[in-house]
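Everything on this sheet refers to the single structure shown next.
Order of the sequence lines fixes the chain letters, A, B, ..., with proteins taken first and strands second; residue numbering starts at 1 for each chain.
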Number of protein chains: 2
Amino acid sequence: MANSASGDSVVDRIVRLLSAFPEDVSALQLSELAERSGLPLTTAHRLVRQLAAHGLLDAGPGGLVRPGLRLWELVNRTAPTLALRQAAMPFMEDIQQVLNQNVNLAVLDGWDALFVERLSRLGSVANRARVAGRMPVHTSSAGLALMAHQDRLLQSQYLDQFADPDGKVATDAVRVLLSETFHQGFAQLKGVVDPDTWGIAVPVLDPRQRAVASLGVVVPLREMRLQALVPALQTAARGIARRLNDA
Amino acid sequence: MANSASGDSVVDRIVRLLSAFPEDVSALQLSELAERSGLPLTTAHRLVRQLAAHGLLDAGPGGLVRPGLRLWELVNRTAPTLALRQAAMPFMEDIQQVLNQNVNLAVLDGWDALFVERLSRLGSVANRARVAGRMPVHTSSAGLALMAHQDRLLQSQYLDQFADPDGKVATDAVRVLLSETFHQGFAQLKGVVDPDTWGIAVPVLDPRQRAVASLGVVVPLREMRLQALVPALQTAARGIARRLNDA
DNA sequence: GCACCGCTTCCGTTGAATGGGACGATTCCA
DNA sequence: TGGAATCGTCCCATTCAACGGAAGCGGTGC
């Protein structure tokens, strides 16, 4: 065997290595990392050493490997979500102060809502949306708000993808959800993500009325201020959109 | 010429590619990216294509390259600062609400303070500390707060490094700054970063009294509530430390 | 003391990475 | 309108960096 037995490139290997870190764990044993990433121990060792030399990984004593600070720095300096985050943060903070609940900001990636930012209070209800976490479009208010305001083509691709499990029924259910969300101007899911919580999200629209992001809150089921809540979110979303377009 | 003319590995090349993105620009022309990273156009093209296949970069039409969402996701799922950020955010928000000023959270990396998080108000004073931005230890209150609470060895290494430009004078000045910061329990810099602002930072200490992070604010020079401000920061810092250790 | 386990180093093999060259598309002047 | 410059993309022979099995080394547990 020689250069790459499995036919994948160095880039593939590096990605496998970086992806091998589980979501919650911060440090991994070299041998475990090798196994998780499906790389021979020797190869993993060499790559880790090289990556660590650049600070992309941090190789501690005893083969303990953790993500490196420089990688974080590199990515967060130039992240594609940076402008969005900057535009949104002040508004998110305002929302959070007024409603005193979890606020989150998401973008659409594939058929998932990818959460870009989230503010949560010590006392507020559980919020499954983690930063850099994903939730499928149809199980999150953020996802619905995002998908409801995409162009027809993307929506139908999404719905097609969906038809597999049991034909047309599921597709129609989601279609109705999206349609309602579109006409209401906001998405809501009661007790879907978590039995005791209520997710509400509004789209952040670009000048062509496409959703570039979604702004949402997670509130307890007993929360009754829906009439005040949705307009507040919509106002904030407009503010975010304005700052995005001005910049 | 064949495999690597310049004697650097694929990892080196990838790092050069990723580092080539300027701080503020979100998209780069392929040719410019190649030049910035010092790679032959062909090589840059191939690597970009490979990285884009994994979503680490996003190759738009016409050779427009931007950082990819998946890279951001990957890094922010497993970032070494994740636990710190989670522990600190609620406290940072409280501070911000009460003082209505910029709040920032930094860690020490080399001889720099690396800013991990920052909350800023639309109306508050300018704040040079950007997320994923750096400032040298001796020109930022965050840096001073961090360095003042490190072990002797690291401090003396830092001060040595410093002696180069003009011998002992500069070293002594910084030493005094660090000593003051240590005994006061907080760092302050008036008008150093920005002529009209005042930076104040306190350390977040681990059980061995070492600074793992710093919590700071940037306020206008006229701000007079120092007596209330420092204790508020210190209380928050203790709260963060407690949550870090409990978890 | 021996067996086990995991990190590290060594080194011969070889195919993946390399990058100059060519081509097509687009833009910009003259 | 035609020609030059620019930029992305593709091709492909060359070759050296990546590969990974094997062996070494240090620590831990029985």
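Although no hydrogens or angles enter the test, the distance criterion places no donor-acceptor pair under 3.5 Å between the side chain of B:Arg77 and the main chain of A:Glu23. B:Asp12 contributes a side-chain N or O that, together with a main-chain N or O of B:Ser9, makes up a donor-acceptor pair within less than 3.5 Å.
Taking only side-chain nitrogens and oxygens, A:Arg13 comes nearer than 4.0 Å to OP1 or OP2 of D:dC19. Side-chain N/O atoms of B:Thr43 include one lying less than 4.0 angstrom from OP1 or OP2 on C:dG19. Contact between the side-chain N/O atoms of A:Arg46 and the OP1/OP2 oxygens of D:dC19 is found at a separation under 4.0 Å. Side-chain N/O atoms of A:Gln29 include none lying less than 4.0 angstrom from OP1 or OP2 on C:dG6. A close approach under 4.0 Å does occur between a side-chain nitrogen or oxygen of A:His45 and OP1 or OP2 of C:dT8.
Distance, B:Asp12 CG to C:dA17 P: 15 Å, rounded to whole Å. Rounded to whole Å, the distance from CG on B:Leu47 to C1' on D:dT9 is 15 Å. In this entry the distance linking CD of A:Glu35 with C1' of C:dC5 reads 14 Å, nearest Å. Look at CG on A:Leu30: it is 5 Å from P on C:dC7, rounded to the nearest Å. In this structure, B:Leu41 atom CG and D:dT6 atom C1' are separated by 11 Å, rounded to whole Å. Protein atom CD1 of B:Ile14 is 10 Å distant from nucleotide atom P of D:dA18, rounded to whole Å. Going from atom CZ of A:Arg49 over to atom P of C:dG6 covers 20 Å, rounded to whole Å. Spacing between atom CD of A:Gln50 and atom C1' of D:dG20 amounts to 14 Å, rounded to whole angstrom units.
Between A:Val11 and A:Gly60, the residue anchored closer to the 5' end of DNA chain C is A:Gly60, taking for each the nucleotide with the nearest heavy atom. Projected onto DNA chain C by closest heavy-atom contact, B:Pro40 and A:Glu32 fall at different nucleotides, the more 5' of which corresponds to A:Glu32.
Side-chain contact check for A:Arg243 versus A:Pro90: some heavy-atom pair is nearer than 4.5 Å.
B:Thr42 comes within contact range of at least one nucleobase, with a heavy-atom separation under 4.0 Å.
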Practice prompt. Take B:Arg208 and B:Asp151 through the test salt bridge (Lys or Arg N to Asp or Glu O under 4.0 Å) and record every step on the way to the result.
Written response: CA-CA 10 Å; B:Arg208 287 173 305 173; B:Asp151 54 39; over 6 Å; no
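A 6.0 Å sphere centred on CD of B:Glu35 holds no more than 12 heavy atoms belonging to other residues, nucleotides or ligands.
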